[in-house]
J.: 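Got a structure for you, questions after.
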Amino acid sequence: MNNKLVYITKDEAERIKNHALNNEGVFFAEIEGAKIRTEADYVQEMSNAFAFPHELPAMKIGWYNDYISDLMWIEQKDIVLLIHNYDLMLCGEQKLKKNILDDFEEIILPWWEGEVVGHMVGGMPRGFMVYLENIGVVENSGIN
């Protein structure tokens with residue numbers, strides 16, 4: 001598996017979304033970055049997108065990280081998260097935005113790539129792709 005973050009364009013986002021929605025083995029989640037102004041907004045949007053089984057106390061990143069490293073209620077093996085308008089997300093909270101990406105790259109994606117095995121009862125690796133749709137010029141993802 002090669003779980004990673006990928007910057008994409010709006011056109012690529014539509015292709016990724018269509019592909020994920022037409023694949024029964026993929027759990028597809030999407031959030032609208034332009035609506036996310038605070039940590040609580042981000043946690044709430046992710047909670048809704050992933051259908052967390054319980055409301056998170058105080059809507060903080062720490063609780064969210066616990067849930068995103070569980071996901072046992074999701075039956076599909078692969079996960080695709082699409083964040084629309086990523087460049088508008090948390091505009092006034094650049095440190096928090098960087099911390100969120102760091103958490104994905106250093107904790108969440110490696111966890112699902114293989115660290116889950118041996119650390120969670122019945123834990124199995126999952127494909128987990130995070131697509132960050134930007135309005136501005138972005139690095140081409142190579143998606144056709």
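Numbers here are sequence positions counted from 1. Computed from a prediction, not measured in an experiment: that's the story for all the values here.
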J.: Same cluster or not: are Met46 and Met72 linked, directly or through other Ile, Leu, Val, Met, Phe, Trp or Tyr residues, by side-chain heavy atoms under 4.5 angstrom apart?
T.: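 Linked within one cluster.
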J.: Verify side chain to side chain contact (heavy atoms under 4.5 Å, CB included) between Ile83 and Glu133, making sure each step is shown before the conclusion.
T.: CA-CA 6 Å; Ile83 302 177; Glu133 176 199 285; over 6 Å; no
J.: So do Phe104 and Leu81 actually touch side chain to side chain, heavy atoms under 4.5 Å?
T.: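 In short, these two side chains touch, coming nearer than 4.5 Å.
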J.: Just by distance, no angles: are the side chains of His84 and Glu32 close enough, under 3.5 Å, to form a donor-acceptor pair?
T.: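 The answer is no; no qualifying pair exists.
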J.: When you look at Ile8 and Ile16, which way does the side chain to side chain contact (heavy atoms under 4.5 Å, CB included) test go after all the steps?
T.: CA-CA 10 Å; Ile8 60 171; Ile16 289 163; 3.7 Å; yes
J.: Less than 4.0 Å between a side-chain N and a carboxylate O, is that true for Lys98 and Asp102?
T.: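 Salt bridge flag = yes for Lys98 with Asp102.
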J.: Decide yes or no for Leu132 and Val6: does some side-chain heavy atom of the first lie under 4.5 Å from some side-chain heavy atom of the second?
T.: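 No, too far: nothing below the 4.5 Å cut-off.
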J.: One pair to check against side chain to side chain contact (heavy atoms under 4.5 Å, CB included): Met124 and Val116. What are the steps and the verdict?
T.: CA-CA 6 Å; Met124 298 294 294; Val116 66; 5.7 Å; no
J.: Can a donor-acceptor pair be found between the side chains of Thr9 and Glu12 at a distance below 3.5 Å?
T.: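 The answer is yes; a qualifying pair exists.
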J.: Just to verify, what does Glu93 make a salt bridge (charged side-chain N to carboxylate O under 4.0 Å, His left out) with, not counting sequence neighbours?
T.: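 Listed in chain order: nothing, the list is empty.
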J.: Holding to side chain to side chain contact (heavy atoms under 4.5 Å, CB included), I want the full list of residues that pass it with Val117, two or more places apart in sequence or in another chain.
T.: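 Side chain to side chain contact (heavy atoms under 4.5 Å, CB included) list for Val117, sorted by chain: Pro125.
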J.: With rounding to the nearest 0.5 Å, note down the distance linking CG in Asp41 to CG in Leu90.
T.: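 Reported to 0.5 Å precision, the distance equals 8.0 Å.
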J.: If every non-hydrogen atom of Ile36 is compared with every non-hydrogen atom of Glu45, which pair is closest and at what distance?
T.: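 Closest approach of Ile36 to Glu45, heavy atoms only: CG1-CG, 3.9 Å.
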J.: Angle between ring planes, Tyr42 versus Tyr64, binned at 30° and 60°: parallel, tilted or perpendicular?
T.: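 Tyr42 and Tyr64: perpendicular rings.
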J.: Which of these, Trp73, Phe50, Phe128, Trp112, sits in a ring-ring contact (aromatic ring centres under 6.0 Å, His included) with Phe27?
T.: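 Filter result, single survivor: Phe50.
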J.: Which pair of non-hydrogen atoms, one from Leu96 and one from Thr38, has the smallest distance, and what is that distance?
T.: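 Residues Leu96 and Thr38, closest heavy atoms: CD2-C, 4.5 Å.
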J.: Can you see which heavy atom on Leu88 is nearest to which on Arg37, and at what distance?
T.: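 Closest approach of Leu88 to Arg37: O-NH1, 3.4 Å.
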J.: If only side-chain N and O atoms count, and only distance matters, is there a donor-acceptor pair under 3.5 Å linking Gln44 with Asn48?
T.: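 The criterion, which ignores hydrogens and geometry beyond distance, is satisfied for Gln44 and Asn48.
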J.: Under a 4.0 Å N-O cut-off, is there an ion pair linking Lys17 with Glu30?
T.: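 Yes, Lys17 and Glu30 are salt-bridged.
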J.: With a 6.0 Å cut-off (strictly less than), is the heavy-atom count around CD of Gln94, excluding the residue itself, greater than 12?
T.: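 Enclosed.
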J.: Answer yes if the ring centres of Tyr86 and Tyr131 are under 6.0 angstrom apart, and no otherwise.
T.: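 Aromatic pair excluded; centres sit 6.0 Å or further apart.
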J.: For Asn65 and Ile68, what are the C-alpha separation, side-chain angles and deciding distance, and is it a side chain to side chain contact (heavy atoms under 4.5 Å, CB included)?
T.: CA-CA 5 Å; Asn65 280 343; Ile68 205 74; 4.3 Å; yes
